[in-house]
Every structure is written in structure tokens, then in C-alpha cells.
There are 2 protein chains.
Amino acid sequence: MPIRDDPAGRTPDRVRDRPTWLLNRAHARSVAMLHAGFEAHGDGLRGYHYRLLAALEQWGPASQADLGRDTGIDRSDVTAALLELERRSLVARRVDPEHKRRNIVTITPDGLTTLRTLDGVIEQIQRDVLAPLAADEQRQLLALLTRLVRG
Amino acid sequence: MPIRDDPAGRTPDRVRDRPTWLLNRAHARSVAMLHAGFEAHGDGLRGYHYRLLAALEQWGPASQADLGRDTGIDRSDVTAALLELERRSLVARRVDPEHKRRNIVTITPDGLTTLRTLDGVIEQIQRDVLAPLAADEQRQLLALLTRLVRG
DNA sequence: TCCCAATGTTGATGGCGCCAACATATGTCG
DNA sequence: CGACATATGTTGGCGCCATCAACATTGGGA
């Protein structure tokens, strides 16, 4: 999904230094690296799956709707991603006996193992993404991005 | 295309502070704003169209292949976007008499006008995107992103 | 009780990027 | 010159992430 990696292409001046363009490129860079990492070690799982597993690990069993709210993933995409996770036995789904319209989703031991593996892969990618910057610059960037995002 | 704007959703800890996640969110923010801007004032044009117009304005007439290289847009996508731009008379295409397999694309006066309009819209969006930061922080962020992207 | 809200599912759409295949035109090298 | 490779534009398909519409089911509140 990244734009062409090849920076050989001249970028129009009016585009090249714009904040939105830089954010786009930086994002493309990180997505490309994540993609490569998931490709190599993610066993076919994608960002959605990781986010769902992470949410389940952190807050325990939840309904699909809650998972969607907690991860910012649309209900319909939650359904699709959970089907895949269930197929791999990384999560289990059962109907909530209290509210029969609701599915309670639980992460399985295998799911936890997978989550930990992905954690390692992703941590390495974080380092790779930030590699062009010195340690203090990395901290600066993260602080600024955090303020940008939360602001 | 941004992830859900609603930041109410709790984000899993292991995700929330990761550089790739922050870049993703910052990008989502800028894309959402760009989307809204194009929606309101872009007359249905998309990022591809703007980039092509910008490249034509800056470097003058070019073949479609060159446009693709200069903008990082795939040849096939260049074709589609130019069809739309031609339909709106924002660009003109003619066969290169020297190399009959080649189309020479030229921006029209209307195209220039549209480009300037979009420029204004986009400039405003840049300001909005960076609004949470003070002026010196904005400069810092841009410098860091530039190094990240070029590094 | 009746209506409305929430839930899970299916299916479709859009933006952006990628790639394969093809016909056509243009070299280049034996 | 002729065979071969290369560049170009076009078509069509795929993938990822995000969004929305519509629906049946279930539950809660007025």
C-alpha cells in the first residue's frame, strides 16, 4: 500500500514538503515495514487480527460490538476478522447466555502465544521504522505525534 | 478511510504508543481532513488528480509514463485519472508525433485554475492538521518527518 | 405492550496502491 | 534487414483498510 518506495521519482514541489504529504510518506514507510514483517512472520494475519487479539488480551472477553468500539474497527470487519481468528483457534466465540444476541469472544492460549510472537515482530519493526533518527529525536517525534493525535 | 475518528474507544496499551500506530493515527487524521476538504471544495477530484496536475504545472507537458514516475502513481492509475481530468478539460492529451506510442499530456488553463483552487484548500488543511502544535513544534515535527522519510 | 436500540451478519463501495497481460510502437544487435 | 528486447498506454483484476446500508434477532425502556 505504500506509495512507490523508489524515491527516484521527483515529487512536485508543492507536494513534497507538505505536512500531509510527509505524514503520508512516513505512514507508507511504516505500513510497508509492517506489511513485510507480517508477511514474513505473521502467518497471514493482518493488522486487524493483531488489534483484536491485543484488545482481548488487555481487557478480557468482550462482545464483538465492544471489540469494534475498542479497536476502531467496524462491526462488519470485526466479524470477518474474528471468523479467521476462530478458524485458527486463536479466539473462541460463544453466545452470551444473558444476552442471546451477543457473542462473547475469548482469546485462547494459542491466541496468546500468537499475540506474543507478533509483539516481538512488531517491536522490531518499530525500531526499524525509527532507525533514521537518533534516540532523542525518536523521543521528540513520538511526543509530537502524540500531541498531534490527541489534540 | 481513517480509522474511526471517535477517540472514545480505548486503544490497547501495547498498540497505543507504538510509533507505527501514532504514524497511522496522524496519517488518518490528515487523510480525514483532506477527504473532507476535497469533499467540500474538490468537486469530486481525488489525490491522484491533484498530484498529476501539480506535476504538469511544475514540469510542463509530459508523457503518461513520465507522469507516473514523477508522481509515484502506477501507469494504469495514471490512465484512469487522466481520463477523468480530460473529461473535465483540465488536461489535454495528444499523441507525440515523434513517438506515436506516447501521449503528451498538457495542463489546460482550466486545469491551472483548478490546481490553484485546490492549493488553497490544501494549504488550509495543512494548517488545520498542525493546529494542535505550536509553531516551533510544527517545524520540529516536519524536520523529523523529513529525515524519517528520506532516511 | 409497542417501539426503539443494540447486535451480529452480509454485501457493497471507495480510495489508493500493485501487478499481469496485451497490442503497439520503437529501438538495437546480430 | 530481421529478430528481439524495451517502452508505452490500456484493460482488468487483486489487496488492504475503512465505511455504509440493510436485515433479522434480541432486549430494554416508555
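Because only heavy atoms are used, hydrogens play no part in the values below, and waters and symmetry mates are left out as well, while side chains stay in. Each chain gets a letter, A, B and so on, in the order the sequences are listed, and its residues count up from 1.
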Strictly by modelled atom types, are [X] and [Y] linked by a side-chain donor-acceptor pair under 3.5 Å?
| X | Y | result |
| --- | --- | --- |
| A/D136 | A/Q140 | no |
| B/S76 | B/D74 | yes |
| B/R102 | B/Q64 | no |

Exercise. Look at all strands and tell whether B/E39 reaches a base, only sugar-phosphate, or nothing, counting heavy atoms closer than 4.0 Å.
Key: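 Touches nothing.
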Quiz item: Among the nucleotides D/dT10, D/dG28, C/dG17, which one has an atom lying closest to any side-chain atom of A/H99?
Solution: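 For the A/H99 side chain, the nearest candidate turns out to be D/dG28.
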Quiz prompt | Per B/R102 side chain, nearest of listed nucleotides D/dG9, C/dG8, C/dG17 | solution =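 Ranking D/dG9, C/dG8, C/dG17 by closest atom to the B/R102 side chain puts D/dG9 first.
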Considering only nitrogen or oxygen atoms on both sides, find all protein atoms under 3.5 Å from nucleotides 11-14 of chain D and state each distance.
| from | atom 1 | to | atom 2 | distance (Å) |
| --- | --- | --- | --- | --- |
| D/dG12 | O6 | B/S76 | OG | 3.3 |

Practice problem: Could you say whether A/Y48 or A/D96 is positioned toward the 5' end of DNA chain D, judged by the nucleotide with the nearest heavy atom to each? | Solution: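 Final value for this comparison: A/Y48.
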Quiz item: How close do A/K100 and A/V95 get, heavy atom to heavy atom, and via which atoms?
Solution: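 Looks like O-CG1, 3.4 Å.
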Self-check item: Pair of N/O donor and acceptor under 3.5 Å linking D/dT25 base with A/R101 side chain
Solution: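 When only heavy-atom distances are counted, A/R101 does not reach the base of D/dT25 through any donor-acceptor pair under 3.5 Å.
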Practice problem: Flag the pair B/R150 and A/D17 as a salt bridge only when some basic side-chain nitrogen lies within less than 4.0 angstrom of an acidic carboxylate oxygen. | Solution: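 Looking at A/D17 together with B/R150, the answer is yes, because their closest N to O distance falls below 4.0 Å.
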Quiz item: Taking 4.0 angstrom as the limit, do B/R116 and B/E57 come out as a salt bridge?
Solution: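 Counted as a salt bridge, because a side-chain N and a carboxylate O are separated by less than 4.0 Å.
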